[in-house]
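Below is one structure, written out as structure tokens; comments come after it.
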Protein chains: 2
Amino acid sequence: MAKDNIDLSTEEKIKEAARKVFTQKGYAATRTRDIVQEAGINLALLNYYFRSKEKLFEIIMFEKVQQLFGIILPILNEPSTTLEVKLQKIASTYIDMLIQNPDLPLFVLSEIRNNPEQFGDKLQLTKVINESVLIKQLKEKKPDLNPLHFLFNILGLTIFPFIAKPVFGAAQTFNEEMFVSIVNERKKLIPIWLASMLT
Amino acid sequence: MAKDNIDLSTEEKIKEAARKVFTQKGYAATRTRDIVQEAGINLALLNYYFRSKEKLFEIIMFEKVQQLFGIILPILNEPSTTLEVKLQKIASTYIDMLIQNPDLPLFVLSEIRNNPEQFGDKLQLTKVINESVLIKQLKEKKPDLNPLHFLFNILGLTIFPFIAKPVFGAAQTFNEEMFVSIVNERKKLIPIWLASMLT
DNA sequence: GTCTATAAGGGGATAGAC
DNA sequence: GTCTATCCCCTTATAGAC
């Protein structure tokens, strides 16, 4: 059990455990027994509260999609901040959130890939982003560049280190605090790099 | 069956099918029955040739890791090309390969994450890259910037669109040829952006 | 609401005929 | 080498007592 959440309701204990196990192992590799053990309860209770593994997963998945993409939408649509300020805010808030939730991007992107019609299509992310204030500002500044490039750049520079992290291994070459210190540096660097792409 | 590879040996038919199914669904979600159906043979033959699902997976996985990372190592260590030429080559060959194998990055990164000790640590990727000619050239040009930033940037700008692709959905907003055309543009753009980070 | 016991089926692996 | 039939464990889900 994570930290013996003895104060939480049973339903919330199961959700908390499910968040942890699903994001770490993915849907297919997760056993309901892993979740109930992590939650400190028994199998029957999971089905009593959530009917099935699949239904529980959908609930967690929608939460996690929201957590990954919902966080930047308000910034994208701020009406009065400049482009530069938006870029700083996106990099900064995103990296802070990802330091707390390093497994989030690989989990969400993998599961969306496994089930695009259920989780990807209804997002209409391209549409929402394309109509955002940020994209309007980009089009003014660089009318010749497809704004999708810029979107890939912001997200790629910010998210990719967290996706690639396991590759660099727990080997001596690389430890946790080094990683955190580097991505923290990137909060300042990414907006500078992105700005230089716009000149 | 993919394209009725009636000319291939049974062993190769199984590997071909395994490559396809494993990369599409991941280890945990793959059923050995999916593989043998794709290969057009029966369950017993898979075990006859490869002993177990796990052993077959290891073989495919090492191939795929090699495919994803092996491709850039020669370029990283070219002794006589300039930094700028290396960046062009990396972006170009990488994107060409990824257009042919769009599922590769998400698959490899997910599976390494699920089993870092088996697949990630022994790569010693950080070590190999840190000792490369490219990194030496970077240190000369920008001694104050941790070269890891640059590595994340090259790979992030190149790979991320392929990882994020399913998110943008098969919805009307986004189709396959649009995607290919955009990442093809990036073969030219990424080296320019990276160069501007070095000035 | 919570538990134990168990049903029902899926999925990896093998026996043994050809 | 290849096949069919089958074993048996593991996993999800439910029945039914408390």
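Note on naming: letters A, B, ... go to the chains in the order of the sequence lines (proteins, then strands), and numbering restarts at 1 for each one. Scope of the values below: all heavy atoms of this structure, side chains included, with no hydrogens, waters or symmetry mates.
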So does A/N42 get a side-chain nitrogen or oxygen closer than 4.0 Å to the phosphate oxygens (OP1/OP2) of C/dC3? yes

Are a donor atom and an acceptor atom from the side chains of [X] and [Y] found within less than 3.5 Å of each other?
{"X": "A/K86", "Y": "A/T81", "result": "yes"}
{"X": "B/N101", "Y": "B/Q67", "result": "yes"}
{"X": "A/K187", "Y": "A/N184", "result": "yes"}
{"X": "A/R186", "Y": "B/N146", "result": "no"}

For residues A/F162 and A/F179, establish whether the separation of their ring centroids is below 6.0 Å. yes

Sort out for me which residue in A/F107, A/F57, A/F62 forms a ring-ring contact (aromatic ring centres under 6.0 Å, His included) with A/F22. A/F57

Are B/K165 and B/F160 in a cation-pi setup, meaning NZ or CZ lies under 6.0 angstrom from the ring centre and within 45 degrees of the ring axis? no

For residues 136-158 of chain B, which residue pairs pass the salt bridge (charged side-chain N to carboxylate O under 4.0 Å, His left out) check, not counting sequence neighbours? B/E84-B/K141

Separation of D/dG1 atom C1' from B/E12 atom CD, nearest Å, is 17 Å

Could you identify which residues of residues 55-62 of chain B place a heavy atom less than 4.0 Å from some atom of DNA chain D, listed by residue number, or say none? none

Its contact letters, B for base, S for sugar-phosphate only and - for none at protein heavy atoms under 4.0 Å, make nucleotides 5-18 of chain C read ------BBBBB---

